[in-house]
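To start, the structure itself, in C-alpha cells.
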Number of protein chains: 2
Amino acid sequence: MADNTRKQKPSRYRDIAARLQKEIRLGKYPIGNLLPTETELMAQCSASRQTVREALRILMDQGLIVRRAGLGSVIIATEPPVLFTHSVKSLGEWLRYSNETYRDLVDSREITATGKLAALLKCEPGKHWFLIEAIRRADQFADPLGWVEIYVLRKFAGVVKRSDHGRTPVHEQIAKMFGQTTEYAQMEIFARAMPAALARTLRVKPGSPALTVVRRYYGVREELFEVTVTTHPEGRYTYSMDMQRSLRPRV
Amino acid sequence: MADNTRKQKPSRYRDIAARLQKEIRLGKYPIGNLLPTETELMAQCSASRQTVREALRILMDQGLIVRRAGLGSVIIATEPPVLFTHSVKSLGEWLRYSNETYRDLVDSREITATGKLAALLKCEPGKHWFLIEAIRRADQFADPLGWVEIYVLRKFAGVVKRSDHGRTPVHEQIAKMFGQTTEYAQMEIFARAMPAALARTLRVKPGSPALTVVRRYYGVREELFEVTVTTHPEGRYTYSMDMQRSLRPRV
DNA sequence: CCTGGTCATTTGTCCGTATAAACTTTTGAC
DNA sequence: GTCAAAAGTTTATACGGACAAATGACCAGG
C-alpha cells in the first residue's frame with residue numbers, strides 16, 4: 001500500500017479522528033447513524049470540546065460525516081472515497097491550446113437548429129442560434145490547426161463584435177459581457193472522415209482522418225448556452241490530460 | 001454575476017474573513033506578503049483568537065493563504081481560483097466502456113522497446129516490456145470496438161494468466177496481484193489513419209479514420225509501469241467527459 | 001388529521017487562557 | 001565569514017466556559 005498522506009505529527013485530535021475513522025470503517029457506526037455527540041466524545045476521550053470538534057472536522061473534510069446543529073454527526077460514508085481528479089483553472093485551459101494559437105474569423109450568422117443540428121445542440125428543432133465559424137491557427141503561414149464552429153444562444157450574438165484577435169475563449173467573453181457563468185461543461189471526442197466542406201480550407205484531402213471535439217457549456221439551471229465543434233486534421237492536434245490520485249475534492 | 005455560494009448566516013468570523021478577502025483582492029496584501037498576525041487581527045477586530053483563526057481557516061480553505069507556525073499567513077493568491085474538475089472513482093471509469101464490453105485476448109509476449117516504441121513508453125531503448133494484445137468487443141458477433149495494446153513492466157507479466165473474461169482493467173489487476181498502485185495517470189487522444197496491420201481485424205479499410213487513445217499509468221516515485229494504446233475505427237467509440245465548477249480541490 | 005408552540009438536545013459561535021512546535025533572527029564562538 | 005546555539009515571534013494544539021441557533025420530540029388546540 002502506498003502511503004500518499006504526509007507524515008503527521010501525533011496530536012490528540014488526530015488520534016481521536018483516526019479512532020473514529022477506524023470504528024466507522026469497521027461498521028460500528030453504520031451509514032445513516034449518528035456518531036456520539038461532542039459531549040459523549042469529550043467524556044470517552046477525556047478531551048476538551050475544542051479537541052473533539054477538531055477531530056470531527058477532519059472526518060467532515062474527508063466526507064465521512066455531515067454535522068447539523070440539533071441533530072448530530074451523521075455518517076454518510078464508511079471510508080474516504082479515493083478518486084482521481086483532473087482539474088483546470090479555466091475551461092480555456094481545458095483544451096490546451098497554447099496561447100500562441102488564435103481564431104481567424106471566417107463568418108458569423110444567425111441560424112435555425114433543425115434535424116442533426118438540433119440534436120447536436122440538444123434543443124428543440126426551430127430554435128435560433130448564432131453561429132461563428134473560424135479557423136484555429138498557430139501561425140499565419142503554417143497549415144491551420146483546425147476548423148471551429150461556435151454556436152451561442154442568439155442573445156449572446158454580441159460577442160462576435162469584440163475584436164480580441166480570437167485569443168480569448170468565447171465562453172469567457174460571454175461571461176465578461178453578459179455575466180453568464182459556466183457551471184458545468186461536457187466534452188465529446190471522436191474520429192471521423194474530414195468533411196469535404198472543410199478539407200480544402202484545412203489543406204487536407206476529403207475523407208482523411210480528423211479529430212472532432214464537441215464542447216457544451218451549461219450555465220445555471222442546466223441551460224446550455226454554447227456549443228463548440230472543432231475539427232482537426234490528423235497530426236495537427238492531440239488532446240492530453242493528467243489525472244492525479246487525490247482525496248475527495250470539495251463539491 | 002451568479003451567486004453560487006449558499007446564503008450564510010452572518011457571524012463574526014465570516015465578517016472578518018470577508019474583510020480580509022476584500023483587502024487581499026484590492027491589493028492591500030500582495031502575493032508573497034504576510035497577513036497581520038493572529039494577535040494583530042485580534043486587536044484590529046476586537047475578537048478572540050478562536051474567532052480570528054476561524055476566519056483565517058476560511059481563507060486557507062479558499063486557497064488564498066498558507067499558514068506556517070513561526071512565520072505567519074502567506075498570501076498565495078488574490079482571489080479564490082475557480083476550478084473545473086473531472087473526477088472518477090477509478091481509472092477504469094476514465095474511459096467509459098460499458099460493463100458489457102470485454103477484451104478478447106489475441107496474443108501476449110515479451111518485447112524490447114526500441115525507437116518509436118521506446119518514445120511511446122518513455123523509457124530508454126532496450127528496456128524489456130511485456131505486451132498484451134487484445135480486441136475490445138461489446139458482442140461476439142458485432143464488429144469489434146477497437147484494438148488494445150497493453151504494455152506492462154516485465155515483472156507484471158503474470159497478470160496475463162488471470163482469466164477474468166477481460167472485464168477488469170489490467171492496472172487494477174496489477175494493483176491486486178502485485179500491490180502496485182496508480183498515483184498518477186495521463187491520457188492522450190488523437191486521430192490517425194488506421195494502420196494496415198489492424199484494419200482487417202477491425203473490419204475497416206486501411207487508412208480510414210481512427211481514434212487512438214494512449215494511457216500511461218504511473219506508480220509511486222513517478223515510475224511508469226503500464227501503457228495502453230487503444231485504436232478505434234470511426235463511429236465505434238466516442239470519448240466523453242464532464243467537468244464541474246468547484247472550489248479548490250484538495251491537492 | 002394537522003397546526004403551532006414548548007422543550008430538551010446538539011452543534012455553532014465566541015470568549016478567555018496556557019503550553020508546544022515551527023520558524024526567523026540574533027548572538028556568540030571560532 | 002561560518003556555523004551553531006540562543007532568543008524571539010508566530011502558529012498549532014489544548015484546556016476551560018458561555019450563549020445562540022437549529023433540530024426533533026412532544027403536546028395542546030383546532
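Chain naming here is simple, since letters A, B, ... match the order of the sequence lines and numbering starts at 1 in each.
Atoms CG (B:Leu35) and C1' (D:dT9) sit 16 Å apart, rounded to a whole Å. Atom CD in B:Glu40 sits roughly 8 Å away from atom P in D:dT11 (whole-Å rounding). In this entry the distance linking CG of B:Leu34 with P of C:dT25 reads 10 Å, nearest Å. Put simply, CG on B:Leu56 is 14 Å from P on C:dC14, counting in whole angstrom units. With rounding to whole Å, B:Ile58 atom CD1 is found 14 Å from C:dG12 atom P. One atom, CD of B:Glu54, and another, P of C:dT11, lie 16 Å apart when rounded to the nearest Å. Summarising the geometry, the separation between CZ on A:Arg57 and C1' on C:dT13 is reported as 11 Å, rounded to the nearest angstrom. Rounded to a whole Å, the CE atom of A:Met60 is 7 Å from the P atom of C:dG12.
Between B:Arg53 and D:dT11 there is no side-chain polar atom (N or O) within less than 4.0 angstrom of OP1 or OP2. Phosphate contact (OP1/OP2 of C:dT13, side-chain N/O of B:Tyr13, threshold under 4.0 Å): present. Distances shown here put a side-chain N or O of A:Arg67 below 4.0 Å from the OP1 or OP2 atom of C:dG12. Taking side-chain N and O atoms only, A:Thr51 has a distance below 4.0 Å to OP1 or OP2 of D:dC15.
With respect to the salt-bridge test (charged N to carboxylate O, under 4.0 angstrom), the residues B:Lys155 and B:Glu223 qualify. Using a 4.0 Å cut-off between charged side-chain N and carboxylate O, B:Arg216 and B:Glu188 make a salt bridge.
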Below 3.5 Å between N/O atoms, which protein atoms pair up with nucleotides 16-20 of chain D? Just atom names and distances, please.
from: D:dA18; atom 1: N6; to: A:Arg49; atom 2: NH1; distance (Å): 3.0

Polar atom pairs between nucleotides 23-26 of chain D and protein, under 3.5 Å, N or O only, would you list them?
from: D:dT23; atom 1: O4'; to: A:Ala69; atom 2: O; distance (Å): 3.3

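Counted within 6.0 Å of CD on B:Glu222, heavy atoms from surrounding residues, nucleotides or ligands total 12 or fewer; the atom is thus considered open.
Taking B:Lys176 as the reference, nothing meets the side chain to side chain donor-acceptor pair (under 3.5 Å) condition, with sequence neighbours excluded.
For the pair A:Gln62 (side chain) and A:Leu59 (backbone), a donor-acceptor distance under 3.5 Å is absent.
Inspection of the B:Tyr151 and B:Glu149 side chains reveals an N or O donor paired with an N or O acceptor under 3.5 Å.
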(message) Could you walk me through whether A:Leu64 and A:Ile75 satisfy the side-chain contact (heavy atoms from CB on, under 4.5 Å) test, starting with their C-alpha distance in whole Å, then the side-chain angles of each, then the deciding distance to 0.1 Å, before giving a yes or no?
(response) CA-CA 6 Å; A:Leu64 294 179; A:Ile75 315 288; 5.9 Å; no
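The line from CD1 of A:Ile16 to CD1 of A:Ile58 is 9.5 Å long, rounded to the nearest 0.5 Å.
The minimum heavy-atom distance linking B:Gln180 with B:Phe156 is given by the pair NE2-CZ, 3.5 Å.
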